[in-house]
Chemist: 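After the C-alpha cells below, expect a handful of questions from me.
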Amino acid sequence: MSLISLISTITLTLNTQHSTPTTQMYSNKENVNILTSLLIKEKVTKAVACPGSRNSPIVHNLCACPEIECYPVADERSAGFVALGMTLADNEPVVVCVTSGSALLNLAPAAAEAFYQKRPLVIISADRPAQWIDQQDGQTLQQHRALEPNVRKSVTLPEPHNEEERWYCNRLVNEALNAVRLNDGSPVHINVPISEPLFEYNVPKLPDERNIFMLHATTDYFSVREMAADFFRGKKLMFVLGQMIPEFMGNSHEAIKTLKKVAVVLQEKLADDSICPAQPIDEVLKMIGDDEAYCPDHLIYIGGTIVSKRLRQFLRECKCEMSIVVNGIDEFCDTFMHTTEMIQGLPEDVITIFANETEGVKKRDFVTLWDKAFDKALAIRKTIKPRFSQMSAVKAFHEKMREEAVDGKLFYGNSSAVRLGNIFSDQYIYVNRGVNGIEGSLSTAVGYAIAHQEEDDVYCVIGDLSFFYDQNALWNESLPPNLSILLLNNGGGGIFHQLPGLERSPYRDSAIAAQHTTSAEGICQTHDIVYLSARNEEELYKNLDKLFNSEEGPVLLEVFTNAEEDAQALKDYYQAF
C-alpha cells in the first residue's frame, strides 16, 4: 500500500469512528451497500479496519453504521488476530477488512487459526476490477479463493448493473454469512471488486436487503443415544476433551461432573473453565510408564486440539475396542489412529446426551485407579519449588493471581508458555492452538481486551519470540488499559533447549532458536505502556505485585531468565514424578 493511502485511510477511519455526522451518508458502490446492509441484519457489531484506498468505500460504510463499532489496525497480520480475539470475547462474527493486493495474504495466518479453532471471522477484501488482474496494474493479484482451503466459504461479489446481478450479489453475501456460523463457527472470505471513482459518499440510506436464514443440521439425538449405550458397556471408560470455548464448557459443566462419576475425563485448561488446579496429565503419564492398566478400552475424544504430545502418544498406543471422535461438519479426524465411530455434532450436545445415559452405570475401578494417580501427582506438584526460571515465574504469577483473587481472562502464547500454564493455572486458558503458530498470540489478547475493556482484565503470558514477532499488536490506537502482559524472555526459543539431540547442532542457538538480546523496554516507551522488569526472585515478586495493582495500564512485566536454566527447571520438575 502507498504511504499516501496509509495516511489518508487511517485519518478517514479515525475521524469517522470518533465523530458522528448529523446525516449518515454511505458509499455509492452498490455491492458495498448490499454487503453492509446484510452485515447489520446478521447483527455484526464489530469490525477491524485496515488502511488502503481500494477498501475505503467499505471502511467508510463500516464506520458510518451506528450499529457497527469500527477499530483501526494498521498491520493486517495483527488485525486478523485482533478480530479473532474479538470473536472469543462475544462468540459472535467479527469483520476484518483489508485493501487489495498482498494485504489479503497477510490475513492467511489468522484465517488458518480461525478455521481450526472454529471461530466466526468475516474476512472482507477490496479488489481491483477483474479486467485488471494480471495486467501489471498496482496492488493486483488473484484474490478470489486466495485463502482456501482455510476458509469455509469464498465469494467474489459482482458490481451490479441490473436486477439479476443485484440478486446474485445478495445471494453470495447470504451464502457467506450463513457459512460463518456453520460448524460452531468458521472463517469466510468475501472479496469485493470496486471500480473507480472510489470516494463518492452520496447515498443517504442502505438498501433493505433480503436476509436468508439457514437452519443448520443438529445432532442426531437417537443415534448418539444408542452409541452412548454401547460405550458404557466398556470396562475402562475415558473421555478426552480438547480445546473448547468457555461458553461450551459452562453449558456442559454439570454433564461433565456426571461423567466423572463413571469415567475418566481428561481435560487441559483449554477445556476446563472451573476454578480448580490443572489436571497433572503429563505428570501421571510420566509416573505410569507402560502400565496398560491405565489404557482405556472405550474412548471418546470431543473438541479441538490438545497440547500434550505425551497424551497423544499414549492414546495412540492404546488398543481401544471402541474409539469415538466428535467433530464438526465435513471433518474426518483420526488423531489417535484407531477411530471406530465418528459423530458430527456440537460438543455440548454430545456431552449432555452421554451424561443422560449414565443412569444405572456403575463407577469403574478404572476411575479410582486414575483418581489415585492424580492425587499422588498433585501432592508431588505442591512440594516442588523450581529454581528461578520461566517455570518459577509462571508459578509465582498464578500464586499471585490466587492471592489477589484476580478474576481476569488468561491468554497464553504457544510453545513453552502454554505448557507451563497447563501446570500452574487454576483458570481457563485461551491460546491459539488451532495451528499452534507463534504469530498473533498477543494480537488475539489485545482483540479480546478491546472488546471487553469495560468488563474483564486480560492477562497475556507470552514468550519472547512470540512477543517480538507480534509486537505490532501494541501499535494500536484502541489499545485498552485492561491489558497486562507477562513476557518470558530467555533470549530465544527456549523450547529448543528441551529437545534431546538438537544440542548436537552448532547452529541451534543462532539459527534455529533465534538467539537475541532484545528487550521490550523501548517498545513499551513507544506505545506508552507501563514497563516493569525482573532478573531475580526478589524483583519478580515485587513487580508481580505492581503488575496486579497498577493504577495505570496497559502494563508489561518482562522476566529475564536463562534458557539452559529454564530447560533444567523443567527437567527437574518431571524427574520428581
Chemist: If you measure only the distance, is there a donor-acceptor pair under 3.5 Å linking the side chains of Ser308 and Asp282?
Modeler: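 A pair is found: one side chain offers a donor N or O, the other an acceptor, under 3.5 Å apart.
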Chemist: When rounded to the nearest 0.5 angstrom, what distance separates CG in Leu532 from CG in Leu557?
Modeler: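 The CG atom of Leu532 sits 5.5 Å away from the CG atom of Leu557.
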Chemist: Under 3.5 Å, is there a donor on one side chain and an acceptor on the other for Asn170 and Asn174?
Modeler: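 Distance-only check passes for Asn170 and Asn174.
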Chemist: Is any side-chain heavy atom of Ile306 closer than 4.5 Å to a side-chain heavy atom of Leu270?
Modeler: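 Ile306 does not reach Leu270 side chain to side chain.
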Chemist: Quick check: do Phe397 and Leu410 have side-chain heavy atoms less than 4.5 Å from each other?
Modeler: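 Counting from C-beta outward, Phe397 and Leu410 do come under 4.5 Å.
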Chemist: Would you find a donor on one side and an acceptor on the other, under 3.5 Å apart, between the side chain of Asn489 and the backbone of Asp464?
Modeler: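 No; zero donor-acceptor contacts below 3.5 Å.
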Chemist: Would you sort out whether Glu113 and Arg433 count as a salt bridge (Lys or Arg N to Asp or Glu O under 4.0 Å), showing the intermediate values?
Modeler: CA-CA 8 Å; Glu113 182 62 32; Arg433 207 62 195 173; over 6 Å; no
Chemist: Would you say that Gln525 contacts Tyr531 through its side chain, given a criterion of any heavy-atom pair below 4.5 Å between the two side chains?
Modeler: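 Side-chain contact under 4.5 Å: no.
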Chemist: State, to 0.1 Å, how close Gln498 and Ala567 come at their nearest heavy-atom pair, and which atoms those are.
Modeler: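 Shortest heavy-atom separation between Gln498 and Ala567 comes out as CG-CB, 4.0 Å.
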Chemist: Check this for me, if you would: do Glu42 and Arg181 make a salt bridge, where the nitrogen-to-carboxylate-oxygen distance has to be below 4.0 angstrom?
Modeler: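 The answer is yes: the pair qualifies as a salt bridge.
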Chemist: Look only at the side chain of Glu564 and the backbone of His497, and say whether a donor-acceptor pair between them is shorter than 3.5 Å.
Modeler: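 Not a single qualifying donor-acceptor pair exists.
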Chemist: For Glu92 and Lys43, what are the C-alpha separation, side-chain angles and deciding distance, and is it a side-chain contact (heavy atoms from CB on, under 4.5 Å)?
Modeler: CA-CA 9 Å; Glu92 292 292 337; Lys43 295 183 170 49; 5.9 Å; no
Chemist: Tell me whether Asn61 contacts the main-chain N or O of Tyr26 through its side chain, where contact means a donor paired with an acceptor under 3.5 Å.
Modeler: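 Answer holds: no.
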Chemist: So, Asn33 side chain and Asn28 main chain: donor-acceptor pair closer than 3.5 Å or not?
Modeler: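 No.
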Chemist: Counting distance only, does the side-chain N/O of Gln24 pair as donor-acceptor with the main-chain N or O of Ala64 below 3.5 Å?
Modeler: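 The answer is yes, because a donor-acceptor pair under 3.5 Å joins these two groups.
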Chemist: If you draw a 6.0 Å radius around CZ in Arg535, do more than 12 non-hydrogen atoms from other residues or ligands fall strictly inside?
Modeler: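 Result for CZ/Arg535: open.
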Chemist: Ignoring hydrogens and angles, tell me if any N or O in the side chain of Lys41 forms a donor-acceptor pair with the backbone of Glu209 under 3.5 Å.
Modeler: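 A pair under 3.5 Å: yes.
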Chemist: Would you indicate whether the side-chain heavy atoms of Asn543 and Val559 approach each other to under 4.5 Å?
Modeler: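 The answer is no; the side chains never approach within 4.5 Å.
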Chemist: Quick check: Tyr201 with Phe199 (ring centres under 6.0 Å apart)?
Modeler: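 Ring-ring flag for Phe199/Tyr201: false, centres at least 6.0 Å apart.
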Chemist: For Val435 and Ala112, work out which heavy atoms get closest and say how close.
Modeler: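 Heavy atoms of Val435 and Ala112 come nearest at CG1-O, 4.2 Å.
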Chemist: Given side chains that start at C-beta, do those of Thr45 and Glu69 come closer than 4.5 Å, heavy atoms only?
Modeler: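 No, side chains not in contact.
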Chemist: Verify whether the ring centers belonging to Tyr448 and Tyr430 lie closer than 6.0 Å.
Modeler: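 Yes: the rings meet the under 6.0 Å criterion.
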Chemist: If we ignore hydrogens and angles and just use 3.5 Å, is the side chain of Glu348 paired with the main-chain N or O of Glu247 as donor and acceptor?
Modeler: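 Checking the backbone N and O of Glu247 against the side chain of Glu348, no donor-acceptor pair under 3.5 Å is found.
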Chemist: Hey, does Leu442 have a side-chain heavy atom less than 4.5 Å from the side chain of Gln471?
Modeler: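 Of all side-chain heavy-atom pairs linking Leu442 with Gln471, none is under 4.5 Å.
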Chemist: Taking only residues two or more places apart in sequence, or in another chain, which ones meet Glu558 in a salt bridge (Lys or Arg N to Asp or Glu O under 4.0 Å)?
Modeler: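 Salt bridge (Lys or Arg N to Asp or Glu O under 4.0 Å) check on Glu558 returns nothing, list empty.
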Chemist: Judged by modelled atom types alone, do Asn436 and Asn414 share a side-chain donor-acceptor pair under 3.5 Å?
Modeler: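 No - no donor-acceptor pair under 3.5 Å links their side chains.
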Chemist: Between the side chains of Glu159 and Ser195, is a donor N or O closer than 3.5 angstrom to an acceptor N or O?
Modeler: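 Side chains of Glu159 and Ser195: pair found under 3.5 Å.
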Chemist: Test side-chain contact (heavy atoms from CB on, under 4.5 Å) on Ile512 and Leu502; report intermediate values, then the result.
Modeler: CA-CA 9 Å; Ile512 298 171; Leu502 188 54; 3.8 Å; yes
Chemist: Search all heavy atoms of Val32 against all heavy atoms of Pro57 and return the closest pair with its distance.
Modeler: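 Heavy atoms only, the tightest pair is CG1-O, 3.8 Å.
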Chemist: Taking C-beta and beyond as the side chain, do Val180 and Arg152 meet within less than 4.5 Å on heavy atoms?
Modeler: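 Side-chain contact under 4.5 Å: no.
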Chemist: Between Ser443 (side chain only) and Gly440 (backbone N and O only), is there a donor and an acceptor less than 3.5 Å apart?
Modeler: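 No, because the side chain of Ser443 does not come within donor-acceptor range (under 3.5 Å) of the backbone of Gly440.
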Chemist: With no hydrogens and no angle check, do the side chains of Thr561 and Asp566 hold a donor and an acceptor under 3.5 Å apart?
Modeler: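 Yes, side-chain donor-acceptor contact under 3.5 Å.
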Chemist: Is there a side-chain contact (heavy atoms from CB on, under 4.5 Å) between Cys97 and Asn55? Walk through the geometry before answering.
Modeler: CA-CA 8 Å; Cys97 176; Asn55 68 330; 3.8 Å; yes
Chemist: Give the intermediate values and the outcome of side-chain contact (heavy atoms from CB on, under 4.5 Å) for residues Phe560 and Ser519.
Modeler: CA-CA 9 Å; Phe560 294 94; Ser519 166; 3.8 Å; yes
Chemist: Tell me, please, whether Tyr412 has Arg419 positioned over its six-membered ring: NZ or CZ under 6.0 Å from the ring centre and within 45 degrees of its axis?
Modeler: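 No cation-pi geometry.
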Chemist: Would you please say whether a donor-acceptor pair under 3.5 Å links the side chains of Thr156 and His144?
Modeler: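 Their side chains do contain a donor-acceptor pair, which is all the 3.5 Å distance test asks for.
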Chemist: With salt bridge (Lys or Arg N to Asp or Glu O under 4.0 Å) as the test, would you mind laying out the steps for Arg77 and Asp470 before giving the verdict?
Modeler: CA-CA 9 Å; Arg77 188 178 66 194; Asp470 194 25; 5.4 Å; no
Chemist: Without swapping roles, check the side chain of Asn482 against the backbone of Val458 for a donor-acceptor pair under 3.5 Å.
Modeler: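 Not confirmed, Asn482 side chain does not pair with Val458 backbone.
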Chemist: Just how far is it from atom NZ of Lys409 to atom CG of Asp457, taken to the nearest 0.5 Å?
Modeler: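 If I round to the nearest 0.5 Å, the distance is 11.0 Å.
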Chemist: So, taking the atom named OG1 in Thr526 and the one named CG in Leu474, what distance separates them when rounded to the nearest 0.5 Å?
Modeler: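 Reported value, rounded in 0.5 Å steps: 10.0 Å.
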Chemist: Around atom CD of Glu552, are there more than 12 heavy atoms of other residues, nucleotides or ligands at under 6.0 Å?
Modeler: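 Atom CD in Glu552 is not packed in, count stays at 12 or less.
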Chemist: Taking all non-hydrogen atoms of both residues into account, name the closest pair between Pro158 and Tyr168 and its distance.
Modeler: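 Of all heavy-atom pairs spanning Pro158 and Tyr168, the closest is CG-CD2, 3.7 Å.
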Chemist: For Cys65 versus Leu206, what's the shortest heavy-atom pair and its separation?
Modeler: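 The answer is SG-CD1, 4.1 Å.
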Chemist: In terms of side-chain geometry, is the basic nitrogen of Glu268 or Lys309 positioned less than 4.0 Å from the acidic oxygen of its partner?
Modeler: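 No, Glu268 and Lys309 are not salt-bridged.
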Chemist: Do you know which of Arg54, Lys29, Arg128 makes salt bridge (charged side-chain N to carboxylate O under 4.0 Å, His left out) with Glu196?
Modeler: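 Of the listed options, the one satisfying the test is Arg54.
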Chemist: Checking Asn91 against Arg119 for the side-chain hydrogen bond (donor to acceptor under 3.5 Å, both in side chains) test, could you report, in this order, the C-alpha distance in whole Å, the side-chain angles of both residues, the deciding distance, and whether it holds?
Modeler: CA-CA 8 Å; Asn91 200 27; Arg119 305 309 306 144; 3.0 Å; yes
Chemist: Which residues pass the ring-ring contact (aromatic ring centres under 6.0 Å, His included) test with Phe467, sequence neighbours left out?
Modeler: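 For Phe467, no residue satisfies ring-ring contact (aromatic ring centres under 6.0 Å, His included) once neighbours in sequence are set aside.
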Chemist: Is the shortest distance from a Lys or Arg side-chain nitrogen in Glu175 or Lys153 to a carboxylate oxygen in the other one below 4.0 Å?
Modeler: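 Yes.
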Chemist: For the atom pair OH (Tyr459) and CG (Leu483), what is the distance rounded to the nearest 0.5 Å?
Modeler: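 Result: 10.0 Å between the selected atoms.
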Chemist: So does Leu547 get a backbone contact from the side chain of Ser550, meaning a donor-acceptor N/O pair under 3.5 Å?
Modeler: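 Checked: no pair found.
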Chemist: Measuring from atom CG of Leu39 to atom CD1 of Ile124, what distance do you get when rounded to the nearest 0.5 angstrom?
Modeler: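 Going from CG on Leu39 over to CD1 on Ile124, the span is 5.0 Å.
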Chemist: Please examine the side chains of Val44 and Val94, heavy atoms only from C-beta on, and report whether any two atoms are closer than 4.5 Å.
Modeler: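 Val94 does not reach Val44 side chain to side chain.
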